[in-house]
Amino acid sequence: MAGAAGDTQSTSMPVQLETLGAGALFGAGAGALLLLHGRIAGISGIAAQALETAGSERAWRLWFLAGLLAGGAWVGWRASASIAFEHVVRTPWLLLAGLAIGVGARVGNGCTSGHGVCGVGRLSRRSMAAVVTFSASGALVYRLIAACGGLS
Amino acid sequence: MRNVVAAGVGVVLAVALGLGRLTRPEVILGWVDVLGDWDPTLAWFMSGAAPVYALAHRWVLARGGPVLGRELPLPTAAAVDAKLVLGSALFGAGWALGGVCPGPAFTSLGAGATWAVPFVLAMMLGLWAAAPRRLGAGIELVTSLGFTRRRAGSF
């Protein structure tokens, strides 16, 4: 897996500013959901609750997920370099990854958006602990996988 | 109106993830490759997002509730418990395996990336199966074991 990256990451200032700006846009979107609707834009939480709620509580979540897909369609169309149309990791490992992400986000009460942006944004200790934990665990598991020869 | 807001926010979040390149698996894999070719993109993205979100958070608290309705269900748990740590550790393992977060998974699916179909299905299965009332007893057992071991540990 190491060295399989499609393009080399530039560390020039404009790229970092662009990423910062994209992050600000994400924060604004998540902030709008909180300000207008009073809900936290935790994507895994919304997806999970969409399976278990009913009526209007389910409807807005399904609309949110539809919006994500529509936004994704726009990205695929206008910013296609940002989409990995081929994944370097083979499907069995991707299934395991998806399962780990799903179970982990549910048990840990959130993912990168809910903990990393919304939780950190409101200075939640739990969310900061979650971000440190999944980054550290990710680094450890990544090292283990690399030591075993990778997944691609 | 709430549905329109939710759909609009969904579009904005997907576009932001795309423009920030968090949809590229190598960006997330690069983030966890701390001892190798480390990619700080995720930190830049979060540094842009969290302060803007913090402003919205202060605003909604100051006005006493959201614009559409009065309800503001914010998380009340304060303790860093074993469930949070174990779940997040598993989430990190998922990162290291695939380099895909939930948001980018939906974004890639919308963009037409075929690998996102099995990934999102597996993720939804995981989110469904790990609901507190389904894992219930199992989680309680595992977390209590994890918690006692942590407390009994050398630190």
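By convention in this document, chain letters (A, B, ...) are assigned in the order of the sequence lines, proteins followed by strands, and residues within each chain are numbered from 1.
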Pairs of heavy atoms under 4.5 Å with chain A: top-ranked of [options]:
{"options": "B:A89, B:P25, B:S88", "value": "B:S88"}
{"options": "B:G30, B:G36, B:G112, B:A77", "value": "B:A77"}
{"options": "B:M1, B:M124, B:R63", "value": "B:M124"}
{"options": "B:G99, B:A43, B:A116, B:P75", "value": "B:P75"}
{"options": "B:D37, B:I28, B:L68", "value": "B:L68"}
{"options": "B:L19, B:V12, B:V5, B:V9", "value": "B:V9"}

Worksheet item: Does a donor on one side chain sit under 3.5 Å from an acceptor on the other, for B:W31 and A:S135?
Response: yes
Worksheet item: Looking just at side-chain N and O atoms, do A:H37 and B:R2 make a donor-acceptor pair shorter than 3.5 Å?
Response: yes
What part of [X] gets closer than 4.5 Å to chain B, counting heavy atoms only: side chain, backbone, both or neither?
{"X": "A:R143", "result": "side chain"}
{"X": "A:E52", "result": "side chain"}
{"X": "A:T91", "result": "side chain"}
{"X": "A:A30", "result": "both"}
{"X": "A:L65", "result": "side chain"}
{"X": "A:L95", "result": "both"}

Measure distances from [X] to the heavy atoms of chain A and classify the residue's part below 4.5 Å as side chain, backbone, both or neither.
{"X": "B:P73", "answer": "both"}
{"X": "B:R58", "answer": "neither"}
{"X": "B:L22", "answer": "neither"}
{"X": "B:A105", "answer": "neither"}
{"X": "B:P104", "answer": "neither"}
{"X": "B:A93", "answer": "both"}

Heavy-atom pair count under 4.5 Å with chain B, highest-scoring of [options]:
{"options": "A:A79, A:A24, A:G76, A:G45", "value": "A:A24"}
{"options": "A:G102, A:G31, A:S80", "value": "A:G102"}
{"options": "A:A48, A:A84, A:G29", "value": "A:A84"}
{"options": "A:L36, A:T133, A:V75", "value": "A:L36"}
{"options": "A:G108, A:A100, A:S82", "value": "A:S82"}
{"options": "A:L94, A:L34, A:V120", "value": "A:L34"}

Same apolar cluster (I L V M F W Y, side chains within < 4.5 Å links), [X]/[Y]:
{"X": "A:F85", "Y": "A:L69", "answer": "no"}
{"X": "A:F26", "Y": "A:M128", "answer": "yes"}
{"X": "B:Y53", "Y": "B:V15", "answer": "no"}

Discussion item. Could you check whether any side-chain N or O of B:R24 sits under 3.5 Å from a backbone N or O of A:I83, counting only pairs where one atom can act as donor and the other as acceptor?
Written reply: yes
Any non-hydrogen side-chain atom of [X] less than 4.5 Å from a side-chain atom of [Y]?
{"X": "A:I101", "Y": "B:P102", "answer": "yes"}
{"X": "A:R61", "Y": "B:N3", "answer": "no"}
{"X": "A:V89", "Y": "B:L97", "answer": "no"}

Item to complete: Check the pair A:V15 / B:R21 against side-chain contact (heavy atoms from CB on, under 4.5 Å), numbers first and verdict last.
Response: CA-CA 10 Å; A:V15 170; B:R21 296 179 67 257; 5.9 Å; no
Out of curiosity, [X] [atom1] to [Y] [atom2], how far, rounded to the nearest 0.5 Å?
{"X": "A:S127", "Y": "B:L84", "atom1": "OG", "atom2": "CG", "answer": "7.5 Å"}
{"X": "A:R126", "Y": "B:K83", "atom1": "CZ", "atom2": "NZ", "answer": "7.5 Å"}
{"X": "B:L121", "Y": "A:L99", "atom1": "CG", "atom2": "CG", "answer": "11.5 Å"}
{"X": "B:D39", "Y": "A:T19", "atom1": "CG", "atom2": "OG1", "answer": "8.5 Å"}

Return the minimal non-hydrogen interatomic distance between [X] and [Y], and the atom names on each side.
{"X": "A:L33", "Y": "B:A6", "result": "CD1-CA, 4.2 Å"}
{"X": "B:L90", "Y": "A:G104", "result": "CD2-N, 3.8 Å"}
{"X": "B:V52", "Y": "A:A28", "result": "CG1-N, 3.5 Å"}
{"X": "A:S44", "Y": "B:L127", "result": "O-CD1, 3.7 Å"}
{"X": "A:R106", "Y": "B:A130", "result": "CG-O, 3.3 Å"}
{"X": "B:F106", "Y": "A:L68", "result": "CB-CD1, 3.8 Å"}

Discussion item. Can you tell me if A:R78 has over 12 outside heavy atoms packed within less than 6.0 Å of its CZ?
Written reply: no
Practice prompt. Output, in order, the C-alpha distance, side-chain angles, deciding distance and verdict of side-chain contact (heavy atoms from CB on, under 4.5 Å) for A:V107 and B:F91.
Written response: CA-CA 9 Å; A:V107 174; B:F91 186 85; over 6 Å; no
Fill in: Qualifying residues under side chain to side chain contact (heavy atoms under 4.5 Å, CB included), relative to A:L144, sequence neighbours excluded
none
Item to complete: On the 0 to 90° scale, with breaks at 30° and 60°, tag the B:W95-A:F134 ring pair as parallel, tilted or perpendicular.
Response: perpendicular
